[in-house]
Amino acid sequence: MVDAPRVVVDTMVVVAGLCSRQGAAFRLLSEIGRGKFEIALSVPLVLEYEDALLRHSAATGLSTKDVEAVLDYYCPVGHLQSIFFLWRPLLPDPKDDLVLELAVAASCRIVVTYNVRDFRGSEGLGVSAQPPGDFLRAIGVLS
């Protein structure tokens, strides 16, 4: 049996998935913890998730307690990875470098993101960027 892939989910995918119950981002979030894939997390990424979700609370309809509950679910089901090296900058956006560093440190081959072009250059580190729908089709969740 092939192990479930470990991926990093970009912050805006999390926000988009919690803004609407339709679409690939919501479906991706619904599959977290069900064994089809594993998410990699780092302390900086969880803090970024929290910050973005709180900033977009009007769009998501989530209270501070709701955001805490979401993160309290993700943390134990995800793979918590420490990052011991920094080789920034590689990508145009420092927050994308944070995501890529986690992917490399956690041996992820995929970053799930809507901003695929922002991750140009990540292939040199063995990491590809895929939108949520493409990733879900690749693992057989969507047809």
Side-chain angles (χ1 to χ4, degrees), residues 1-83 87-143:
M1 179 178 189
V2 177
D3 289 333
R6 181 180 297 157
V7 301
V8 179
V9 180
D10 195 22
T11 304
M12 290 316 296
V13 173
V14 173
V15 172
L18 293 171
C19 281
S20 172
R21 291 182 155 259
Q22 298 179 351
F26 177 76
R27 182 66 189 273
L28 178 88
L29 298 184
S30 299
E31 292 293 328
I32 292 175
R34 293 188 175 177
K36 292 278 188 175
F37 63 93
E38 180 182 36
I39 59 169
L41 299 169
S42 64
V43 171
L45 184 61
V46 170
L47 293 173
E48 184 178 322
Y49 284 174
E50 179 181 43
D51 177 63
L53 289 170
L54 292 173
R55 278 187 289 113
H56 293 91
S57 62
T60 64
L62 298 177
S63 68
T64 301
K65 284 190 175 201
D66 295 333
V67 169
E68 290 172 1
V70 167
L71 298 177
D72 284 348
Y73 174 74
Y74 290 166
C75 289
V77 300
H79 169 81
L80 184 60
Q81 179 69 48
S82 297
I83 300 172
W87 35 257
R88 298 178 193 191
L90 179 69
L91 304 174
D93 184 343
K95 290 185 178 184
D96 291 336
D97 274 331
L98 176 148
V99 170
L100 183 57
E101 283 175 349
L102 172 57
V104 172
S107 301
C108 300
R109 297 182 58 206
I110 299 167
V111 170
V112 181
T113 182
Y114 284 116
N115 302 318
V116 172
R117 67 181 168 175
D118 292 347
F119 283 87
R120 284 188 197 137
S122 66
E123 302 84 4
L125 297 173
V127 178
S128 68
Q130 296 179 10
D134 290 358
F135 173 69
L136 292 172
R137 278 187 283 285
I139 63 170
V141 172
L142 292 179
S143 51

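Hydrogens, waters and symmetry mates play no part in the numbers below; they use all other heavy atoms, side chains included. For clarity, every value in this text was computed on a predicted model and none was experimentally measured.
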Counting C-beta onward and ignoring hydrogens, is there a side-chain heavy-atom pair between Glu50 and Leu54 closer than 4.5 Å? yes
Side chain proximity check, Glu31 to Leu28, heavy atoms < 4.5 angstrom: no
So, Asp93 side chain and Lys95 main chain: donor-acceptor pair closer than 3.5 Å or not? yes
Greater than 12 external heavy atoms within 6.0 Å of Glu123's CD: yes
Positive for side chain to side chain contact (heavy atoms under 4.5 Å, CB included) with Tyr73, one of Val70, Leu71, Val77: Val77
Identify the two heavy atoms, one from Leu142 and one from Arg27, that lie closest to each other, and give their separation to 0.1 Å. CD2-NH1, 3.7 Å
Euclidean distance, Leu100 CG relative to Phe119 CZ, rounded to 0.5 Å: 6.5 Å
Rounded to the nearest 0.5 Å, how far apart are CG of Asp51 and NE2 of His56? 9.5 Å
Are Glu48 and Leu98 packed together at the side-chain level, in the sense that at least one heavy-atom pair is separated by less than 4.5 angstrom? yes
Could you check whether any side-chain heavy atom of Leu29 comes within less than 4.5 Å of a side-chain heavy atom of Tyr74, counting everything from C-beta outward? yes
Considering only heavy atoms from C-beta outward, does the side chain of Val127 approach that of Cys108 to under 4.5 Å? no
Report yes if the side chains of Tyr114 and Pro132 come closer than 4.5 Å at any heavy-atom pair, otherwise no. yes
Which atoms form the tightest heavy-atom contact between Lys36 and Ala4, and what is the distance? O-CB, 3.5 Å
Exactly one candidate in Val14, Val9, Val8 meets side chain to side chain contact (heavy atoms under 4.5 Å, CB included) with Leu45; the answer is Val8
Flag if over 12 foreign heavy atoms under 6.0 Å of CZ, Arg55: yes
Can you find a pair of side-chain heavy atoms, one from Leu62 and one from Ser57, that are under 4.5 Å apart? no
Side-chain contact test, heavy atoms from C-beta onward, threshold under 4.5 Å: evaluate it for Ser122 versus Val111 and give yes or no. no
From CG (Asp118) to CG (Asp96), nearest 0.5 Å: 5.0 Å
Could you report the tightest heavy-atom contact between Gly61 and Asp66, atom names first, then the distance? O-OD2, 4.1 Å
